[in-house]
Amino acid sequence: MTVSASSAKVLSRSANPANVSQVELRRGGRALAGSYLYEGDRLVTGWHSHDLHQIQYAIGGVVEVETAAAHYLLPPQQAAWMPVGLEHQATMTPDVRSVAVMFDPALLPEVDSRARILAVSPLIRQMMIYALRWPIGRAESDPVSDGFFQTLGHLVFEALDHEAPLSLPTSTNPIVAAAMAYTKANLATATAADVSRAVAVSERTLRRQFDEAIGMSWRTYLLHARMLRAMALLAAPGQAVHQAATAVGFDSLSAFTRAFTQFCGETPSAYRKRLPGVDDVLGGF
């Protein structure tokens, strides 16, 4: 979660990147770093930026983050890095629980302005949970919390070199953007012919436009979108592997397993078993 629920509801009135607001996460406080736990209903924040660096960890449910450059998926055990000033919007699924940790730029080495998705190590995960002791809106910092957050920040900074490929490209090309939107809305059934009709171009033009705009074929985009959606579905409690396969357009469970394993490096069943329960992660919080 990048802003509070109340702030996000105001921001969501405009999803136009031309009307981006900067959110003051400290709310008048002077802490150099702090945390925020989001638990709530489905939420779309709207386009905004922060005055702090942020790393957001999905405990349960799935968070989606969109920037001008890409559309990122944040399933459990992954974290999204959002540098200071980056314009973005986040979408929370109804069952999401997420911990965000924010850092004043003074605490970290200089970083580039790109969002990234990271596989969270057990150490970083436990430190992010521990960070809930220090809310971002508190009045002042103290030496103990500053030292803790600076250590966590440097661990995160080192992890930025090992980002996870959990994103889809975006495009300002109106044909490609419309084709992407139609594809994501119809993952189970979309074909090149369907998409071409929906955006009023030939299949040949569709293929050429995708290659020119994002350096990726439409079929590759479809496969990646299906795999990312499958990861989100498999993170939900009670979701069977065969149900996720069907939901993203695979009639054959074996074909889905092959595609998922090639994309994620592990089988769907192994991925599901690796995800921790929300209560296991939060402990006493």
Side-chain angles (χ1 to χ4, degrees), residues 1-3 7-25 42-58 62-75 78-93 96 98 100 102-103 105 108 110-118 156-157 159-161 163-185 187 195 198-199 206 208-218 220-225 227-229 231-232:
M1 174 57 182
T2 51
V3 293
S7 298
K9 288 174 184 174
V10 174
L11 286 170
S12 65
R13 293 173 187 167
S14 173
N16 184 351
N19 299 317
V20 175
S21 301
Q22 184 177 73
V23 178
E24 211 291 302
L25 294 167
R42 176 178 170 84
L43 180 67
V44 180
T45 65
W47 287 89
H48 64 287
S49 63
H50 303 148
D51 59 336
L52 300 171
H53 296 309
Q54 175 179 302
I55 183 170
Q56 181 166 340
Y57 174 64
V62 176
V63 179
E64 295 183 49
V65 178
E66 185 178 359
T67 71
H71 190 129
Y72 300 87
L73 177 79
L74 180 58
Q78 307 286 336
W81 168 257
M82 308 300 296
V84 62
L86 179 66
E87 298 173 0
H88 66 283
Q89 70 173 352
T91 300
M92 314 293 169
T93 59
V96 75
S98 177
M102 286 70 81
F103 305 90
L108 294 176
E110 186 174 347
V111 296
D112 61 34
S113 59
R114 185 167 57 90
R116 306 184 206 184
I117 303 296
L118 313 173
V156 170
F157 183 79
L160 293 179
D161 290 333
E163 60 185 297
L166 300 179
S167 65
L168 291 171
T170 58
S171 177
T172 56
N173 180 309
I175 292 174
V176 174
M180 289 174 169
Y182 182 90
T183 301
K184 288 188 292 185
L187 283 181
V195 176
V199 299
L206 179 71
R208 178 174 55 80
Q209 294 274 10
F210 261 78
D211 287 338
E212 291 177 355
I214 63 173
M216 177 186 290
S217 70
W218 175 80
T220 299
Y221 178 87
L222 172 65
L223 177 62
H224 287 192
M227 293 299 98
L228 292 179
R229 179 71 60 81
M231 292 178 71

Contact summary for [X] and [Y], nearest pair of heavy atoms:
{"X": "A213", "Y": "V176", "value": "CB-CG2, 3.8 Å"}
{"X": "S113", "Y": "L86", "value": "O-CD1, 3.4 Å"}
{"X": "A70", "Y": "T170", "value": "N-OG1, 3.5 Å"}
{"X": "P169", "Y": "I214", "value": "CG-CD1, 3.7 Å"}

side-chain contact (heavy atoms from CB on, under 4.5 Å) for I55 and F103? Distances and angles first, verdict last.
CA-CA 9 Å; I55 183 170; F103 305 90; 3.8 Å; yes
Would you say [X] and [Y] make side-chain contact, with heavy atoms under 4.5 Å?
{"X": "S217", "Y": "D211", "result": "yes"}
{"X": "Y221", "Y": "M180", "result": "yes"}
{"X": "V65", "Y": "M82", "result": "yes"}
{"X": "L160", "Y": "L118", "result": "yes"}
{"X": "V111", "Y": "H53", "result": "yes"}
{"X": "S171", "Y": "F210", "result": "no"}

Yes or no on side-chain contact (heavy atoms from CB on, under 4.5 Å) for V195 and L206, after CA distance, side-chain angles and deciding distance?
CA-CA 8 Å; V195 176; L206 179 71; 4.0 Å; yes
Can you confirm whether the side chains of Q209 and N173 place a donor and an acceptor under 3.5 Å from each other?
yes
[X] side chain vs [Y] backbone, donor-acceptor pair below 3.5 Å:
{"X": "T220", "Y": "M216", "answer": "no"}
{"X": "T45", "Y": "Q89", "answer": "no"}
{"X": "H71", "Y": "L168", "answer": "no"}
{"X": "R116", "Y": "W81", "answer": "no"}

The reported gap from CG in L223 to CH2 in W218 (rounded to nearest 0.5 angstrom) is 10.5 Å
Distance check, rounded to the nearest 0.5 Å: K184 atom NZ versus E64 atom CD?
7.5 Å
Applying side-chain contact (heavy atoms from CB on, under 4.5 Å), run through L25 and D51 and close with a yes or a no.
CA-CA 7 Å; L25 294 167; D51 59 336; 4.2 Å; yes
Relative to the ring of H88, is the ring of H48 parallel (under 30°), tilted (30 to 60°) or perpendicular (over 60°)?
tilted
Give the C-alpha distance, both sets of side-chain angles, the deciding distance and a yes or no for side-chain contact (heavy atoms from CB on, under 4.5 Å) between L52 and V84.
CA-CA 5 Å; L52 300 171; V84 62; 5.6 Å; no
